[in-house]
Amino acid sequence: MGRKVTVATCSLNQWALDFDGNLQRILTSIEVAKSRGAKYRLGPELEVSGYGCADHFYESDTLLHSLQVLKKLLESPVTQDIICDVGMPIMHHNVRYNCRVVFLRILLIRPKMQMANYGNYRELRWFSPWSRSRQVEEYFLPRMIQEVTGQETVPFGDCVLSTKDTCIGSEMCAELWNPRSPHIDMSLDGVEIFTNSSASHHELRKADQRVSLVKSATTKSGGIYLYANQRGCDGDRLYYDGCCMVAINGDIVAQGAQFSLDDVEVVTATLDLEDVRSYRGELCQPVKVDFSLSSGDDVFLPTHQPITWQFHTPEEEISLGPACWLWDYLRRSGQAGFLLPLSGGVDSSSTACIVHSMCVLVCQAVQDGNVQVLRDVRRVVGDEAYCPQRPKELCGRVFTTCYMASENSSEGTRGRAKDLAAQIGSAHLNINIDLAVKGMLGVFSMVTGKLPQFRASGGSVRENLALQNVQARIRMVLAYLFAQLSLWARGKPGGLLVLGSANVDESLTGYFTKYDCSSADVNPIGGISKTDLKSFLLYCVDQFQLPALTGIVAAPPTAELEPLTDGQVSQTDEADMGMTYSELSVIGRLRKISKCGPYSMFCKLIHMWKEAFSPSEVAQKVKHFFRMYSVNRHKMTTVTPSYHAESYSPDDNRFDLRPFLYNTRWTWQFRCIDNEVVINAEDINRDVQVILYFSHLIFFWSLLHSM
């Protein structure tokens, strides 16, 4: 009797409500799996409809079209002679479930039991969890499915599948992360192969957690574990980063890519069931199927051996994740490229480097023979004969940068922007906004009879801020004007997507102007900290041979909205914010990840920063942050959709749900902090008094003994 099985898992770039495209990618993955000898194929969570349908899951159309896709799959000759495991929404007894449908003909339907309902996820908004452990009901198949399979009912619930040679059990995405994961009880019942269909998004430094969970699932009691994941942007802020894998007895034996432009990636592994059975005995009460995963003659069939997972550094993740996300967004938006206001600072330069990285990935994919990417490139540039040869050349076709100078701009930033644009190959524009600024101020002066002045010229704080904001907002208007018409002016078709470049720390404090250049179509760095962006640029210097970045990293961050002093920048970001970017990263993590309010944050920081700041200085920083945060929180309601990369992102859309109108005085909370500062000062004073007292005693004791 054969004991070696070949199984397949995959990463698919599914798109919400793209039923035609989703069906084709599913069929392609099954075809590839069969060509490699696999008898079981696992796909990502909700792959039929796309995971990111959100409130479209409420619509009966979404359920209907998902069933229609299932019918097409059942009818296709591609799905014959292989067990297929696909994800889709299903209504059972008028309750909506997130399900796996396992079929040769339909064998079972397994609803999700533990929902993801935290951070970016809102599954309980659309689906109910199956709460009846180890219980199964009859599901009456819709007539369109009955006509294909000849079945009236199929098992629906918490059950496993028994083939002639093994036992297979499913869990879904968040269930793996739960302390009572289903694989624990299933392994004790003798299940040998575990499958997990996921829609797990990318965050910096997250991949190792995912790999550790998959390995640990089979380390204690053995077993084979298949992990499938969504890939791509799915039309939202998240980028799902693949990493499909196969593990056995705590070792990874097959690994998919974390970042890729391939719409379909299939990973297969051939494994020996006897390696699992040597871990433990077996006993399960499953749904039985007359089918074998193994063949009768497999003595000489080689099995996959353990491999070491290759993790990306954070700098590589920033280079690859947002670049893949941007490519998905561009090719699916129907636009002809990107436009970026390039200031010559760290943030906009990081966005430019991510677009350049995207061009590198596209050129590499075309060279590797990826026909889909080549078709997409030709559609984007509007040239059916075009074939990209070099990233710099492609950059010139799809990427426009512009330096928007004012009388407050320095030659240093202008030169750095020009040098970087030349090195990456973007079509670069130099625009002077002074005429537009003077026109706006002229209208104001004509109506009011007053002309505001900068603080350096004797103006008030309000005047100074208003003059900065009008420059910033005019840049946004000009960015959209040039995005719509710059290709038209060059005799080319299409429009450009405007890219934003506000980092996560600036969003946290509101250190940007509402409806300025932070207002864009998408922002690839909106979830990344300033500290990580600087490291990323230094990585790009060597990785992409961009020496202009060295001077950009070394220059102090500045908005350049106030008058220069002797031709030099007089305004810096960190001085304006009242704290460093490193301090902001710490505060941001405490606010979101550690769930700290003002008082609890103060209590933590007096210990974390005890070497650098006194309690009263910590108190001032905490108060200053929460004042800035609460005064500016309203800006997050209109912030540009950003790539989600950090677990302390302040994105108001769904990840960080907070009010946007606060009592910015925080009277109760700040009073608690002040009380602690007073108590600390009294303790210090008391300690000083005790030290002085004992010092005097020692002095007099030594004096007496010296006489």
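Atom set for the values below is all heavy atoms of this structure, side chains included, hydrogens, waters and symmetry mates excluded. Numbers here are sequence positions counted from 1.
Ring geometry for F544 versus Y539: interplanar angle over 60°, hence perpendicular rather than tilted (30 to 60°). Ring planes of Y121 and Y51: perpendicular class, angle over 60° (limits at 30 and 60°). The aromatic rings of F57 and W126 are tilted relative to each other, their planes meeting at an angle between 30° and 60°.
For the 3.5 Å distance criterion, the side chains of R332 and N13 qualify, holding a donor opposite an acceptor. Using a 3.5 Å distance cut-off with no hydrogens or angles, the side chains of N22 and W15 do not pair a donor with an acceptor. Of the N and O atoms on the side chains of H56 and T62, not one donor lies less than 3.5 Å from an acceptor on the other residue. Looking at S357 and S319, their side chains do bring a donor and an acceptor atom within 3.5 Å of each other. Between the side chains of E506 and Y581, at least one donor-acceptor pair of N or O atoms lies under 3.5 Å. Looking only at atom types and distance, the side chain of K206 has a donor-acceptor partner in the side chain of S200 under 3.5 Å away. Side chain to side chain, H356 and K392 fail the donor-acceptor criterion of an N or O pair below 3.5 Å.
Considering all non-hydrogen atoms of both residues, L467 and F454 come closest at CD1-N, 3.4 Å. When all heavy atoms are compared, the tightest approach of S630 to T664 is OG-CG2, 3.4 Å. Across every non-hydrogen atom of T509 and N632, the tightest pair is O-ND2, 2.9 Å. Taking all atoms of both residues into account, the shortest heavy-atom contact from I528 to P322 is CD1-CG, 4.4 Å. Across every non-hydrogen atom of L339 and A479, the tightest pair is CD2-O, 3.7 Å. The minimum heavy-atom distance between M601 and R591, with the atom names listed, is CE-N, 3.8 Å.
Between Y662 and Y629, the gap from one ring centroid to the other is short of 6.0 Å.
Across L342, L429, L340, a single residue satisfies side chain to side chain contact (heavy atoms under 4.5 Å, CB included) together with T400, and that is L429. Looking at E265, H202, Q258 one by one, the single match for side chain to side chain donor-acceptor pair (under 3.5 Å) with R231 turns out to be E265.
Remark: K635 does not engage D516 in a salt bridge, criterion side-chain N to carboxylate O under 4.0 Å. Note on D383 versus R397: salt bridge recorded, some NZ/NE/NH1/NH2 to OD/OE distance being below 4.0 Å. Note on R589 versus E646: salt bridge recorded, some NZ/NE/NH1/NH2 to OD/OE distance being below 4.0 Å.
Side-chain N or O atoms of S333 include one that pairs as donor or acceptor with a backbone N or O of L330 at under 3.5 Å. Formation of a donor-acceptor pair under 3.5 Å by the D434 side chain with backbone atoms of E407 is found in this model.
Between W325 and D328, every side-chain heavy-atom pair lies at or beyond the 4.5 Å cut-off. Inter-residue side-chain proximity for V470 and F444 is flagged as unmet; no heavy-atom pair is nearer than 4.5 Å. The closest side-chain heavy-atom distance from L499 to L326 is below 4.5 Å. Residues W327 and L361 form no side-chain contact, since every pair of their non-hydrogen atoms from C-beta on lies 4.5 Å or further apart.
To the nearest 0.5 Å, atoms CD (E317) and OH (Y239) are separated by 11.5 Å. Taken to the nearest 0.5 Å, the CD atom of Q468 stands 11.5 Å off from the CZ atom of R473. With rounding to the nearest 0.5 angstrom, the SG atom of C233 is 8.0 Å from the CZ atom of R331.
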Original post:
Would D18 and Q14 satisfy side-chain hydrogen bond (donor to acceptor under 3.5 Å, both in side chains), going step by step from the backbone distance to the final call?
Top reply: CA-CA 8 Å; D18 179 24; Q14 303 298 74; over 6 Å; no
**OP:** Go through the steps for K530 and D347 under the test salt bridge (Lys or Arg N to Asp or Glu O under 4.0 Å), then give the verdict.
**Re:** CA-CA 8 Å; K530 191 82 159 191; D347 295 333; 3.2 Å; yes
Original post:
When you look at D532 and R205, which way does the salt bridge (Lys or Arg N to Asp or Glu O under 4.0 Å) test go after all the steps?
Top reply: CA-CA 12 Å; D532 281 335; R205 309 169 180 88; 2.9 Å; yes
Subject >> Trace of the side-chain hydrogen bond (donor to acceptor under 3.5 Å, both in side chains) decision for H201 with D241 >> reply: CA-CA 6 Å; H201 69 279; D241 57 339; over 6 Å; no
**OP:** List the steps, then state whether side-chain hydrogen bond (donor to acceptor under 3.5 Å, both in side chains) holds for D419 with Q423.
**Re:** CA-CA 6 Å; D419 291 345; Q423 290 173 17; 5.9 Å; no
Subject >> Criterion side-chain hydrogen bond (donor to acceptor under 3.5 Å, both in side chains) on N469 and T513, from CA distance to verdict >> reply: CA-CA 6 Å; N469 287 344; T513 301; 2.9 Å; yes
